[in-house]
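The next block holds one structure in the form of structure tokens; read it before the comments.
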Amino acid sequence: MVTTREIAIARSVIYASLFDYPLTLEQLHYTLIESDQTHAEILAVYEGSELLRDIIEYRDGFFFPAGRGDLLDERRRREARSDEFLRHHRLALRLICALPFTRLVALSGSIAHRNLEPKGDLDLFIVTHGPRVWTVTVMLLVLTKLLRRRRTICANFVLADSHLAVDQRDLFTANQMIHLRPLIGADLLQRFLAANPFVAQSYPNTRDHKPLVPVMDVRSRPLALAKRVLEAILGWPSPILEGVCRRAYAWHLRRRAASWRSPDQVQLQSDYLKLHTQSHRQIVLDRFQATVDRLVRMAKAPRRDDLFEIFPDLPGLRPRSTAEQVERLRRKAEGTRERARQNINRQRAAADQVRTAISARRRR
């Protein structure tokens, strides 16, 4: 009999595996779906569950699907690639953070996980001061064009600080949000997460997580001064500039709408600009649900070869009397209770082992 705690661990590892990403214990705790287990409880549940040990390996400090040990080396390669990629684009990121009216600039997508594939992009999530999302987006496009980074750096989600609640509230969106890595505006990121309570419902352990620190240092006094000066200069005419940028860029975007693979993931509002034109959201959610469904079927699958037990109403078998049916249900209930008792005992024993190991470390 599978428990909700086992399902939560399995779902979290499965979701990460869709991106070929093994999880550390800390990461599994942080991304535990709809469960608030502690680190010790996660280890205890895993050690006490035959089902989890069948489908998930825990080796070298990582959780990953059984038989996918190759993901450990792949994770190291992608982390090294991501770090080099960020170093290469450090100047561009510093200039982007200095754009007028930007208050939060965060890494998003694979680069935020340090899980960049070859030829990967640098996706950014931006929050602006007031309804200036179109102005900031156009300035970013011009800047990346001048730096010859237009095809590499893209801001696919730009919000005003007056519109922090997102419209799409599902597991995919919540996972993207908890993995945002701020370059500037870490305090505003906390406000953004608080404005979307569905995130903490999907990932309860994120409530008590320490605020994320900037992923890299992009501070520059000359650029900070230039940013303040430009904001002062553009402050008064900014509504006019915003209107011009919105009409011009919206016209450009609609011209290219036929090439969008996921037009339903595009929002062109005055204070809310979402440009997920090539979104993998539905594919990821469908694959995730299909994998979880297979897991549940595995957990519920009969373990006997007796056709009468597997197919009680199989044609050709004699009908059961009332007494036989009652006896069958009684045996089934007793078997369920016994399996549950054994599972609980295994988890308690595993928890005792974890507590003993922690106590031994503390005494040292």
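As the structure is a prediction and not an experimental result, all values here were calculated from the model. One-based numbering along the sequence shown.
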(Q) Evaluate Leu159 against Phe157 for side chain to side chain contact (heavy atoms under 4.5 Å, CB included), listing each step before the verdict. (A) CA-CA 7 Å; Leu159 305 179; Phe157 214 150; 3.3 Å; yes

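- When the shell of 6.0 Å around CZ of Arg348 is examined, it contains 12 or fewer heavy atoms from other residues, nucleotides or ligands.
- For Arg219, the CZ atom sits in a loose shell: 12 or fewer heavy atoms of surrounding residues, nucleotides or ligands are nearer than 6.0 Å.
- Under the 4.5 Å side-chain criterion, counting only non-hydrogen atoms from C-beta, Arg191 is in contact with Leu164.
- Under the 6.0 Å cut-off for aromatic ring centres, Phe64 and Tyr21 do not qualify, their centroids lying 6.0 Å or more apart.
- For the pair Thr38 and Ile42, the minimum side-chain heavy-atom distance is 4.5 Å or more.
- For Arg341, the CZ atom sits in a packed shell: over 12 heavy atoms of surrounding residues, nucleotides or ligands are nearer than 6.0 Å.
- Between Phe192 and Leu180, some side-chain heavy-atom pair lies under the 4.5 Å cut-off.
- Taking CD1 of Ile153 as the reference point, atom NZ of Lys145 lies at 13.5 Å (rounded to 0.5 Å).
- Using modelled atom types, no side-chain atom of His252 and backbone atom of Ala248 make a donor-acceptor pair closer than 3.5 Å.
- In this structure a side-chain-to-backbone donor-acceptor pair under 3.5 Å is present from Thr3 to Glu6.
- Relative ring orientation between Tyr15 and Phe19 is described as tilted, the plane-to-plane angle lying within the 30° to 60° band.
- Taking the six-membered ring wherever Trp is involved, the centroid distance between the rings of Phe172 and Phe288 does not fall below 6.0 Å.
- Side-chain atoms of Arg149 never come within 3.5 Å of backbone atoms of Cys154 as a donor-acceptor pair (strictly under, hydrogens ignored).
- In this structure, His129 has its ring center at least 6.0 angstrom away from the ring center of Phe101.
- Tested against Val158, the residues Leu275, Thr137, Asp271, Leu124 include a single side-chain contact (heavy atoms from CB on, under 4.5 Å) partner, Thr137.
- Note that CD1 of Ile96 is 7.5 Å distant from CG of Leu147, once rounded to the nearest 0.5 Å.
- Using a 4.5 Å cut-off on side-chain heavy atoms (C-beta onward), Asp70 and Arg68 make contact.
- Atoms OG1 and CG, from Thr128 and Leu273 in turn, are 10.0 Å apart once rounded to the nearest 0.5 Å.
- Checking side-chain atoms of Thr173 against main-chain N and O of Arg169 turns up no donor-acceptor pair under 3.5 Å.
- Taking 4.5 Å as the limit, some side-chain heavy atom of His280 sits within range of a side-chain heavy atom of Arg261.
- The CG atom of Asp264 lies 7.5 Å from the OG atom of Ser279; values are rounded to the nearest 0.5 Å.
- Side chain of Thr102 to main chain of Leu104: no donor-acceptor pair is present (N/O by atom type, distance under 3.5 Å, no hydrogens or angles).
- Applying the side-chain hydrogen bond (donor to acceptor under 3.5 Å, both in side chains) test between Tyr203 and each of Asn175, Asp36, Thr31 identifies Asn175 as the sole match.
- In this structure, Arg103 places its CZ atom where more than 12 heavy-atom neighbours from other residues, nucleotides or ligands lie under 6.0 Å away.
- Side chains of Gln168 and Arg281 form a contact here, defined as non-hydrogen atoms less than 4.5 Å apart.
- Residues Val229 and Leu241 do not share a hydrophobic cluster, clusters being chains of Ile/Leu/Val/Met/Phe/Trp/Tyr side chains in contact below 4.5 Å.
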Q: Might you work through the salt bridge (Lys or Arg N to Asp or Glu O under 4.0 Å) test for Arg75 and Glu79, ending with a clear yes or no?
A: CA-CA 6 Å; Arg75 170 168 169 157; Glu79 286 178 344; 2.8 Å; yes

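- Here the side chain of Glu242 pairs a donor or acceptor atom with the backbone of Trp134 at under 3.5 angstrom.
- In this model, a donor atom of one side chain and an acceptor atom of the other lie less than 3.5 Å apart for Gln37 and Ser35.
- Contact annotation: the side chain of Val266 approaches that of Trp260 to within less than 4.5 Å [non-hydrogen atoms, C-beta and beyond].
- For the pair Asp20 and Glu117, the minimum side-chain heavy-atom distance is 4.5 Å or more.
- Classification of the His179-Tyr30 ring pair by plane angle, with boundaries at 30° and 60°, yields perpendicular.
- Taking CD from Glu41 and NE2 from His29, the interatomic distance works out to 8.5 Å, rounded to the nearest 0.5 Å.
- In this structure, Arg148 places its CZ atom where only 12 or fewer heavy-atom neighbours from other residues, nucleotides or ligands lie under 6.0 Å away.
- Cation-pi check for Arg255 over Trp251 is met; the charged atom lies under 6.0 angstrom from the ring centroid and within 45 degrees of its normal.
- The nearest pair of heavy atoms linking Asp167 to Lys274 is OD1-NZ, 4.2 Å.
- A salt bridge does not link Asp83 to Arg81: none of the charged side-chain nitrogens sits closer than 4.0 Å to a carboxylate oxygen.
- Here the straight-line distance linking atom CZ of Arg53 with atom CG of Leu51 works out to 10.0 Å at 0.5 Å rounding.
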